[in-house]
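In the text below, chain A, chain B and the rest are named by the order of the sequence lines, each starting its count at 1.
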Amino acid sequence: MAEDKLTTRAEDFSEWYNQLVIKSDLADYAPVRGCMVVKPYGWALWENITSWLDKEFKATGHVNAAFPTLIPMSFFEKEKDHVEGFAPELAVVTHGGGVELEEKLAVRPTSETIIGHMYSKWVKSWRDLPILIVQWGSVLRWELRTKLFLRTAEFYWHEGHTAHSSAEEAKEEMYRILDIYERFCLEEAALPIIKGTKSETERFAGAHTTTSIEAMMWDKRALQSGTSHYFSTNFAKAFEIQFLNKDNVLQYAETTSWAISSRIIGAMIMVHGDDQGLVLPPRLAPVQAVLVPIYKNDAEKAKVMEVADRIFMELKAAGIRLKMDDRDNVSSGFKFNDWEMRGVPVRVEIGPKDVEKGSVALARRDKPGREGKTFVPQAGLDSAVSGLLVEIQDSLLKRATEYRDANIHDPKDYEELKKVVQDGWAFSYWCESRECETKVKEDAKATTRNIPFNQPETEGTCIVCGKPSKRKVYFAKSY
RNA sequence: CGGGGCGUGGCGCAGUCCGGCUAGCGCGCUUGCUUUGGGAGCAAGAGGCCGUAGGUUCGAAUCCUAUCGCCCCGACCA
């Protein structure tokens, strides 16, 4: 069988990514422009992501609901910035049942409008608030240039939409969600991220404040990996979400929305993946460990499978997500490469020699090839594997954090800033003016990512114009 | 939307400039035998109205016209 090697990251990072998504069996191109088919392996990964988030949302008082895919076009006209932001990328249904529709319907690009409309019906009294609803589903945006997981026309996500009786409460909600996103990234996805506030130009269409989590990919470009928005009363005014407060005064609700999409899978691919393929964090991997029995003939097979089956049961009982690769039509070498391509964190190899010695070969995916392989006793393998999964999870986060920190620079002047953002991030004082932001974009093709929270009380001067500045911002090229 | 590339068995491609006989190749697939500790070997098979629609011609994957779609780069992108 001929080798079927992946383009390396150094050769062509974009090509590496495209090939990897297909070869690792996460997704495939759909016969529809810009759309993807998420294959069972990719969907299993997505389910592990969604189930953790769903549990956290429920634990913080949120409930799930479903709103229509189609939204009356007129709804988009109600919020000025929102329509400007989304009109260019709407797909519109013009006919139904063979008849031209009187009012055209947009396929939802996001659901603030239709949910805002419903909230106006549901909210009459301060007693009706807060409303904390999450919708799981997909949305459609007519993107001009797509890439599997990172930017597809249709993508999967959850969108949280909440309404509150005070600005303070709504802002708290925005930050609470961003904290959940941060914990998800650090604890589950092993993605080091930076929490902060978006600049005015990078803000969500119609938002008062947009906060985000930003991650650095292997090629050092930034990926906005999740957002949490505070709308103040912008959408409440557009959709007339009003209630009588405790003082019997009619007032507008304060709303938020927030999302993490299937794009987060793209982030995991581009942060953890290597030239052998995908590397999945153990906590989210659909298959945490794979067993590969090795034998030459039926006599060996019988002996090996007896041990392999026993180990399989033991590891299964320990709660490890497990797969036995007992395919007879491919060689062991093929299987090793195959599971490495799919990013399975731990591989357990059991051959005739291991049966005799009472050992197994244990290979960890974060150290590819033979260097990640050690021989360990069969006795106590369940705790050895469990321990290794934890170790891999930690080492992925550590490695990604070190990589990110090593590639964030503090340029001395504007000339240096232009240089460093070509292959890294810059963390610099910025006067928060649109002019300076635009200048950086034009000169260096880098944008502001976010202004991180909890900055020290120091002052400096804007890296672009030299005016006094209190806060630093990240500049980077982004996806 | 601008620039570039490409549509030929499931996948990747050759053939197209310069029209010609039964449309090839690699991988994968099926069957059999030998293999299996880092991407196995041999043998025999199955599988195609050459993206679509018109046209030119004795004859079109190949030339002409139109059309649909995909990929890459750029612009755009909560």
Side-chain angles (χ1 to χ4, degrees), chain A residues 1-6 12 14-15 17-19 22-23 28-36 79 81-90 108-113 139 141-148 150-153 155 157 159 198-199 201-207 209-212 223-229 231 257-261 263 276-277 292-298 300-301 304 325-341 347-357 359-361 363 368-373 375 441-442 445 447 478-479:
Chain A
M1 190 176 300
E3 291 188 23
D4 192 14
K5 284 208 165 144
L6 196 58
D12 184 342
S14 180
E15 183 59 23
Y17 180 90
N18 288 338
Q19 290 181 6
I22 301 299
K23 287 176 190 249
D28 201 353
Y29 291 100
V32 181
R33 199 204 90 103
C35 292
M36 65 175 164
E79 214 289 336
D81 293 333
H82 197 67
V83 68
E84 279 174 18
F86 283 104
E89 48 188 27
L90 288 182
R108 65 184 172 208
T110 179
S111 304
E112 276 76 9
T113 56
V139 290
R141 298 177 188 182
W142 213 257
E143 299 289 352
L144 295 177
R145 209 174 135 197
T146 58
K147 202 171 175 78
L148 295 180
L150 284 187
R151 182 176 296 106
T152 45
F155 59 88
W157 72 349
E159 43 180 328
K198 283 290 200 183
S199 72
T201 53
E202 296 282 327
R203 197 182 280 164
F204 178 79
T209 305
T210 288
T211 59
S212 74
L223 184 74
Q224 176 175 298
S225 306
T227 47
S228 183
H229 318 286
F231 293 135
S257 84
W258 25 275
I260 276 184
S261 74
R263 167 185 267 196
Q276 296 299 313
V292 181
I294 300 160
Y295 44 81
K296 286 196 176 66
N297 49 50
D298 283 348
E300 279 185 3
K301 180 178 180 180
V304 167
D325 188 353
D326 53 5
R327 285 178 289 180
D328 262 337
N329 57 334
V330 293
S331 68
S332 306
F334 181 90
K335 291 178 185 177
F336 299 162
N337 286 285
D338 196 33
W339 292 108
E340 278 170 11
M341 184 67 80
R347 188 177 65 244
V348 181
E349 305 168 13
I350 308 156
K353 291 176 213 163
D354 298 302
V355 173
E356 278 174 35
K357 291 184 204 161
S359 65
V360 299
R370 290 186 184 81
E371 52 179 308
K373 218 186 253 196
F375 289 87
K441 194 170 180 179
E442 283 169 2
K445 291 186 173 178
T447 51
S478 77
Y479 276 97

Below 4.0 Å: OP1/OP2 of rA75(B) and any side-chain N or O of K445(A): yes

Integer-rounded Å distance: rC27(B) P and K23(A) NZ: 15 Å

Sugar-phosphate only, base, or nothing, as touched by K301(A) at under 4.0 Å among non-hydrogen atoms: nothing

Separation of atom CD in E300(A) from atom P in rU35(B), rounded to whole Å: 11 Å

Salt bridge (charged side-chain N to carboxylate O under 4.0 Å, His left out) assessment of K301(A) paired with D328(A): CA-CA 11 Å; K301(A) 180 178 180 180; D328(A) 262 337; 3.2 Å; yes

Toward the 5' end of RNA chain B, by each residue's nearest nucleotide, F155(A) or N18(A): N18(A)

Nearest-neighbour nucleotide for the N337(A) side chain, rC76(B), rC72(B), rG39(B) considered: rG39(B)

Mate of rA23(B) where both pairing distances stay under 3.5 Å, Watson-Crick or G-U: none

For rU57(B), the Watson-Crick or wobble counterpart (both distances under 3.5 Å): none

Whichever of T227(A) and P293(A) has its nearest RNA chain B nucleotide further upstream toward 5': P293(A)

Polar pair under 3.5 Å, donor/acceptor by atom type, side chain D354(A), base rG37(B): yes

Paired nucleotide for rA66(B) [Watson-Crick or G-U wobble; both distances under 3.5 Å]: rU52(B)

Under 3.5 Å on both distances, the Watson-Crick or G-U partner of rU16(B): none

rG38(B) base / K373(A) side chain donor-acceptor hit below 3.5 Å: yes

Paired nucleotide for rA75(B) [Watson-Crick or G-U wobble; both distances under 3.5 Å]: none

Minimum-distance nucleotide (side-chain atoms of K441(A) versus rC77(B), rG38(B), rC71(B)): rC77(B)

Phosphate-side-chain proximity, S332(A) and rU36(B), N/O vs OP1/OP2 below 4.0 Å: no

Nucleotide nearest E349(A) when distance is taken to its side chain, options rG37(B), rC1(B), rC72(B): rG37(B)

Sugar-phosphate only, base, or nothing, as touched by E15(A) at under 4.0 Å among non-hydrogen atoms: nothing

Watson-Crick or G-U wobble partner of rU31(B), both distances under 3.5 Å: rA43(B)

Side-chain donor-acceptor pair present, Q224(A), S212(A), cut-off under 3.5 Å: no

Crowding at CG, D298(A) (>12 non-hydrogen neighbours, <6.0 Å): no

Residue E89(A), side-chain atoms from C-beta onward, closest of rC77(B), rA75(B), rU36(B): rC77(B)

Length of the CG-C1' vector between D28(A) and rC11(B), whole Å: 10 Å

Side-chain N,O (N329(A)) to OP1/OP2 (rU35(B)) below 4.0 Å: no

